[in-house]
Amino acid sequence: MTGLVYKELPIEDLTHLTRTEFVNGTEQKFYDALLQSMTKHGMRDPVFIDQRKDKNNNLILKVTVGNNRMVIAKHLGLKLIRSIIKLLDPKNNNIKGRPLNTEQEIIDLFFSKKDLEIKKQNGVIYEVMPKNPQKYGKI
């Protein structure tokens with residue numbers, strides 16, 4: 001078992017980072033390209049989320065991969081976000097999603113399959129992400 005599940009989650013249930021450079025115009029070209037892509041195609045790839053505890057010991061869902069897409073999703077008024085959730089405790093959790101037990105099940109969720117990175121440490125998946133589209137000149 002990977003400790004990962006797939007589920008569409010309400011956008012308001014997710015915590016994400018809004019990078020200043022992404023929203024203040026410094027990365028305007030990237031912002032505009034991502035906005036155009038998501039307007040036309042929606043959010044093609046799921047975001048990667050860690051289920052963790054905040055400083056008050058409350059369980060939260062923190063986006064670790066897909067923060068820029070979350071900014072655009074809010075701008076577009078999207079309600080549900082396709083998500084891969086890394087469970088804090090796979091045996092005792094409140095997320096009832098589709099278990100992802102193989103790398104192929106993860107790959108099948110992505111539009112950008114050939115550019116997908118599945119990162120592992122000691123055989124445990126800790127991050128799933130499409131390669132940086134800005135770095136490779138595509139969205």
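Side chains included, hydrogens not; waters and symmetry mates left out as well; all remaining heavy atoms used.
- In the hydrophobic clustering of this structure, V5 does not group with Y126; members are Ile, Leu, Val, Met, Phe, Trp, Tyr whose side-chain heavy atoms approach within less than 4.5 Å, directly or through other members.
- For the atom pair CD1 (I60) and CG (D13), the distance works out to 12.0 Å, reported to the nearest 0.5 Å.
- You'll find the side chain of R69 stays beyond 4.5 Å of the side chain of H16, heavy atoms only.
- Residue Q36 qualifies as open at atom CD: its count of foreign heavy atoms under 6.0 Å is 12 or below.
- One hydrophobic cluster holds both F110 and F48 under the rule that ILVMFWY side chains link at heavy-atom gaps under 4.5 Å.
- Residues L78 and L9 are members of one and the same hydrophobic cluster, defined by side-chain heavy-atom contacts under 4.5 angstrom among Ile, Leu, Val, Met, Phe, Trp and Tyr.
- Classified by interplanar angle (parallel below 30°, tilted 30° to 60°, perpendicular above 60°), the ring pair F30/F22 is perpendicular.
- Side-chain contact check for Q104 versus D108: some heavy-atom pair is nearer than 4.5 Å.
- A distance-only check finds a donor-acceptor pair linking the side chain of T39 to the backbone of L35 [under 3.5 Å].
- To the nearest 0.5 angstrom, L34 atom CG is 5.0 Å from I72 atom CD1.
- Grouping the Ile, Leu, Val, Met, Phe, Trp and Tyr side chains by contacts below 4.5 angstrom, directly or via other members, places L80 apart from M70.
- I95 is listed as a side-chain neighbour of L61, based on a closest heavy-atom distance under 4.5 Å.
- For D45, there are no salt bridge (Lys or Arg N to Asp or Glu O under 4.0 Å) partners, not counting sequence neighbours.
- Residues satisfying the salt bridge (Lys or Arg N to Asp or Glu O under 4.0 Å) criterion with E105, sequence neighbours excluded, are absent altogether.
- Across G3 and P90, no two heavy atoms sit closer than the pair CA-CG, 3.7 Å.
- Formation of a donor-acceptor pair under 3.5 Å by the T26 side chain with backbone atoms of N24 is not found in this model.
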L76 vs M43, test: side-chain contact (heavy atoms from CB on, under 4.5 Å). Steps then yes/no.
CA-CA 11 Å; L76 294 174; M43 191 181 287; over 6 Å; no
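- In this structure, CG on D50 lies 11.5 Å from OG1 on T15, to the nearest 0.5 angstrom.
- Across all their heavy atoms, D89 and Q51 have their closest contact at N-OE1, 4.4 Å.
- When the shell of 6.0 Å around NZ of K96 is examined, it contains more than 12 heavy atoms from other residues, nucleotides or ligands.
- Between I125 and K86 the shortest side-chain heavy-atom distance does not fall below 4.5 Å.
- Annotation: side chain of L100 is in contact with side chain of L109 (closest heavy-atom distance under 4.5 Å).
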Criterion side-chain contact (heavy atoms from CB on, under 4.5 Å) on I84 and R98, from CA distance to verdict
CA-CA 9 Å; I84 296 174; R98 178 170 53 112; over 6 Å; no
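- Checked by atom type and distance alone, the side chain of R82 pairs as donor or acceptor with a backbone atom of R44 at under 3.5 Å.
- Of the possible donor and acceptor atoms, none in the side chain of N56 sits under 3.5 Å from a partner among the backbone N and O of N58.
- Heavy atoms only, all atoms of each residue included: I118 and E103 are closest at CD1-OE1, 3.9 Å.
- Two residues are said to be in side-chain contact when any heavy atoms from C-beta on lie closer than 4.5 Å; I81 and I49 fail this criterion.
- Atom CZ of residue R52 and atom CG of residue N57 lie 14.0 Å apart, to the nearest 0.5 angstrom.
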So N67 and R19, side-chain contact (heavy atoms from CB on, under 4.5 Å) or not? Walk me through it.
CA-CA 8 Å; N67 288 291; R19 295 183 315 106; 5.7 Å; no
CA sep, side-chain torsions, deciding dist, call: H75, M38, side-chain contact (heavy atoms from CB on, under 4.5 Å):
CA-CA 10 Å; H75 175 84; M38 286 180 61; over 6 Å; no
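- Atom CG of N68 is separated from atom OH of Y31 by 10.0 Å, given to the nearest 0.5 angstrom.
- The shortest side-chain heavy-atom distance between T18 and K74 does not fall under the 4.5 Å cut-off.
- Both I85 and I11 are assigned to one and the same hydrophobic cluster, defined by single-linkage of ILVMFWY side chains at heavy-atom distances under 4.5 Å.
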